[in-house]
Amino acid sequence: MKKQIEDLVYSALQQLASQGLIPAETLTRPKIDRTKDSSHGDFATNAALVLAKPAGRNPRELAQALVGALPASKLVEKCEIAGPGFINFTLTQDAYHELIPQILQQGHGFGRSDLGAGRKVQVEYVSANPTGPLHVGHGRGAAYGSVVADLLEAVGYQVHREYYVNDAGRQMDILATSVWLRYLELCDATLTFPANGYKGDYVWDIAATLHRDHGEAYRHDAAEVFDGVPADEPAGGDKEAHIDGLIGQAKKLLGDNRYRFVFELGLNAILDDIRDDLSLFGVRYDEWYSERSLTESGAVNRVIERLRSGGYLYEKEGALWFRSTDFGDDLDRVVVRENGQTTYFASDIAYHLDKLERGFDRVIDIWGADHHGYVPRVKAALSALGNQAEKLDVLLVQFAILYRNGAKVQMSTRSGEFVTLRELRKEVGADAARFFYVMRKCEQHMDFDLDLAKSQSSDNPVYYVQYAHARICSVLQQAAEQQIVIESDPRAVDYHCLNEAHEQALMTRLAKYPEILELSALNEEPHQLTHYLRDLATDFHTYYNAHKFLIEDEALRNARLQLILATRQVLRNGLGLLGVSAPDKM
RNA sequence: GCGCCCGUAGCUCAGUUGGAUAGAGUACAGCCCUCCGAAGGCUGGGGUCACAGGUUCAAAUCCUGUCGGGCGCGCCA
């Protein structure tokens with residue numbers, strides 16, 4: 001509907017421009033807004049106000065000319081000039097009455113569009129290190145990323161969902177070493193677990209699997225393992241040097257094959273857990289992309305060569321640096337360490353280059369806000385490699401701060417004190433958790449009250465929306481029990497009897513759905529959709545309390561039932577995009 | 001110190017990209033089931049849009065500065 005009004009105004013503007021009333025160079029698509037106040041009609045444009053200055057005319061006078069130039073339309077009941085020069089449009093009843101059968105015929109497709117025209121967009125989200133189970137912080141990125149992907153698909157983009165698996169690097173070595181040390185403890189060794197090791201119970205579980213399946217095949221004496229390793233921090237040493245020493249011992253004593261086996265065991269156990277967890281959270285991927293594969297295929301070395309031959313690298317203090325400051329970063333960044341190993345950043349350059357070479361028109365990374373300082377260096381690298389940095393958008397999701405008993409919950413993966421996503425899901429359900437996570441825009445810090453979320457009370461807005469859906473289903477169930485036949489062809493129903501203010505409000509809300517979908521998809525703002533669904537549910541609940549649907553008057557009954565059927569369809573469509581179920585009964 | 005995000009009702013948050021009288025939920029007070037599900041509806045109070053300037057027909061929204069909160073500033077990932 002909005003688009004049609006926009007077309008009308010644009011055509012009027014073109015006419016004014018051809019008459020010389022407004023300068024031709026100011027001719028653009030007009031801005032059309034929904035009105036806040038129904039006394040202002042359905043839509044309004046500020047075109048006359050904006051153009052008054054360049055045209056050198058009084059805004060109301062210009063508005064008058066604009067209204068005069070509007071083509072006739074059966075959509076528009078009337079248009080009025082108001083206030084300083086707004087033009088308000090009131091739609092005809094017929095415009096709304098056509099909407100109901102339109103919704104019911106399009107069904108699942110109602111609200112969807114082809115704005116994206118099949119352009120390829122990649123969305124990468126979560127990508128948490130496989131060093132432990134996902135925690136509630138990752139949950140926000142998971143819910144947000146998957147909904148953004150679904151929304152983009154709904155408006156016509158071809159979406160590729162991807163998880164970048166950080167299966168290389170020091171953190172993974174720390175995990176493998178942690179597993180091995182726990183295994184040694186299961187072999188009755190007495191040792192002091194490193195301060196910097198992973199201490200969660202899941203490490204014990206993986207160690208237990210190793211011990212159960214392979215007995216003492218990986219056993220070495222603790223004294224031998226800790227021989228020559230620098231002291232740990234609690235013992236007055238350096239925890240980083242201590243853990244690095246232990247990693248070195250693990251590699252040396254186990255040898256390549258056995259070390260690799262422990263490493264893979266840990267990685268796969270955790271990755272399987274993450275996959276399973278996300279899948280149960282309704283989060284799916286088209287691809288799990290391995291960081292290690294970039295090293296093994298030589299892609300990392302190739303990208304370093306490209307940067308070197310472009311003259312973007314230099315040596316300093318034994319390391320190889322990328323001149324990211326040439327592209328707006330604060331500092332230059334190391335790509336090859338003094339010890340000859342490439343950095344995580346080097347892999348990430350190769351990874352992002354690969355994304356662009358795979359032919360995506362747009363690449364969206366969804367990161368935790370704590371990584372924001374990382375954005376300029378990745379963009380810098382892409383600029384150095386060929387000016388495609390603008391295809392990359394990094395969306396930063398702010399932290400969800402957890403509260404329990406009114407106090408902040410401290411989280412640390414290392415100490416093992418964290419609430420897992422799995423735990424959250426089990427306690428509040430995937431529906432409530434997902435809805436809750438995307439209810440706020442991503443750049444907003446979020447207070448996540450665990451007690452409230454766990455309470456399963458009606459305070460959680462997801463129940464309110466789901467209840468509207470269940471209530472409609474219940475009405476239809478009642479109709480069936482009363483042997484009431486519902487007209488099966490929505491086009492055969494006359495909607496002119498829908499004269500109540502509540503009915504008009506509901507129809508207006510339904511008409512807005514495609515606009516909301518477009519807005520939330522193009523701006524990556526799922527919260528617009530959650531707010532809309534709440535409003536739609538309110539409109540329905542209000543209507544339900546004010547009027548009966550299963551009434552004697554057959555014509556009115558049929559019209560009302562079609563209206564609530566259309567409402568149910570839009571509730572389903574919206575909840576579906578959020579990955580939240582629409583239950584028939586609760 | 002520098003950079004990014006945030007500051008709107010007691011609390012948690014929206015605010016259609018600069019529009020008309022700043023809105024929801026929650027909490028609090030009162031009312032509504034012989035009636036399709038009360039997990040609901042209706043009514044009410046509650047605001048210096050952090051503060052100070054600036055830009056213009058118009059600012060919660062844009063610019064500058066100040067204050068307050070969060071996060072980041074590794075040859076970790």
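No hydrogens, no waters, no symmetry mates; every other heavy atom, side chains included, goes into these values. Below, chain A is the first sequence line, B the second, and so on; all start at residue 1.
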inquiry  = Taking B:G25 as the reference, what is the distance to B:A39 when you measure between their C1' atoms (whole Å, please)?
reply    = 15 Å
remark   = Under a 4.0 Å heavy-atom criterion, the protein footprint on nucleotides 40-47 of chain B, written with B, S and -, is BSS-----
ask   = Using a cut-off of less than 4.0 Å, is there contact between a side-chain N or O of A:Gln398 and OP1 or OP2 of B:C71?
value = no
Give each protein N/O atom lying under 3.5 Å from an N/O atom of nucleotides 6-12 of chain B, with the pair distance.
unit_1, atom_1, unit_2, atom_2, d
B:U12, O2', A:Arg440, NH1, 3.4
B:U12, O2', A:Arg440, NH2, 2.5

key: Syn/anti label of B:U17 as read from its glycosidic torsion, with the cut at 90° from 0   = syn
request  = Apply salt bridge (Lys or Arg N to Asp or Glu O under 4.0 Å) to A:Arg560 and list each qualifying residue two or more places apart in sequence or on a separate chain.
outcome  = A:Glu503
message = Taking 4.0 Å as the cut-off, does a side-chain nitrogen or oxygen of A:Lys31 come that near to OP1 or OP2 on B:G18?
response = no
inquiry  = Need one value for A:Gln528: base, sugar-phosphate or nothing, where a base atom within 4.0 Å counts as base even if backbone is also close, heavy atoms only.
reply    = sugar-phosphate
message = Could you tell me how far B:A9 sits from B:C67 if I compare only their P atoms? Round to whole Å.
response = 22 Å
query = Is the phosphate of B:A20, meaning OP1 or OP2, less than 4.0 Å from a side-chain N or O of A:Lys36?
reply = yes
A:Asn166 vs A:Pro461, nearer the 5' end of RNA chain B by closest nucleotide = A:Pro461
inquiry  = Side chains of A:Leu517 and A:Leu577, heavy atoms from C-beta outward: is any pair under 4.5 Å?
reply    = yes
Within the sub-3.5 Å range, which N or O atoms of nucleotides 55-57 of chain B have a protein N or O partner, and how far apart are they?
unit_1, atom_1, unit_2, atom_2, d
B:C57, OP1, A:Lys53, NZ, 3.1

Verify stack between A:His40 ring and B:A20 base, 5.5 Å, 30 degrees = yes
Flag, side chain of A:Thr530 to backbone of A:His527, donor-acceptor distance under 3.5 Å = yes
query = Under the 3.5 Å rule, do the base of B:G19 and the side chain of A:Asn46 count as making a donor-acceptor pair?
reply = yes
message = For B:G7, give the paired nucleotide (Watson-Crick: N1-N3 plus N6-O4 or O6-N4; G-U: N1-O2 and O6-N3; both under 3.5 Å), or none.
response = B:C67
message = Would you say A:His527 places a side-chain N or O within less than 4.0 Å of OP1 or OP2 belonging to B:G15?
response = yes
message = A:Lys239: which residues meet the side-chain contact (heavy atoms from CB on, under 4.5 Å) condition with it, sequence neighbours left out?
response = A:Ala195, A:Asn196, A:Asp232, A:Glu233
key: For RNA chain B, the residues among residues 332-352 of chain A that have a non-hydrogen atom under 4.0 Å from it   = A:Val334, A:Arg337, A:Glu338, A:Tyr344
key: N/O donor-acceptor pair, side chain A:His371 with base B:G72, under 3.5 angstrom   = no
request  = Would you state whether a donor and an acceptor, one from the side chain of A:Asp173 and one from the base of B:A77, lie under 3.5 Å apart?
outcome  = no
ask   = Can you name the residues that form a side-chain contact (heavy atoms from CB on, under 4.5 Å) with A:Pro23, not counting sequence neighbours?
value = A:Glu25, A:Thr26, A:Pro54, A:Ala55
key: C1' gap between B:G70 and B:G30, integer Å   = 41 Å
remark   = Across all chains, not counting sequence neighbours, the side-chain contact (heavy atoms from CB on, under 4.5 Å) partners of A:Gln341 are A:Arg337, A:Asn339
ask   = What's the base orientation of B:C33: syn (chi within 90° of 0) or anti?
value = syn
inquiry  = Heavy atoms from C-beta onward define the side chain here; which of B:G3, B:A20, B:A39 lies closest to that of A:Ala82?
reply    = B:A20
message = Strictly by salt bridge (Lys or Arg N to Asp or Glu O under 4.0 Å), give each pair with a member in residues 317-329 of chain A just once, sequence neighbours left out.
response = A:Asp329-A:Arg333
message = Using the ring centroid of each side chain, check whether A:Tyr437 and A:Tyr144 are separated by less than 6.0 Å.
response = no
task = Can you run down the salt bridge (Lys or Arg N to Asp or Glu O under 4.0 Å) pairs that involve residues 507-522 of chain A, sequence neighbours left out, and say none if there aren't any?
result = A:Arg34-A:Glu515, A:Arg509-A:Asp535, A:Arg509-A:Asp539
request  = Could you give the distance separating B:U61 and B:U8 at their P atoms, to the nearest angstrom?
outcome  = 14 Å
query = In chain order, what residues pass the side-chain contact (heavy atoms from CB on, under 4.5 Å) check against A:Asn460, with sequence neighbours excluded?
reply = A:Ala432, A:Phe436, A:Val462, A:Tyr463
Closest nucleotide among B:C13, B:G19, B:A77 to the A:Phe86 side chain = B:G19
ask   = Which of residues 507-517 of chain A have a heavy atom under 4.0 Å from RNA chain B?
value = none
query = Where the side chain of A:Val475 is defined as all heavy atoms beyond and including C-beta, which of B:C36, B:A20, B:A77 is the nearest nucleotide?
reply = B:C36
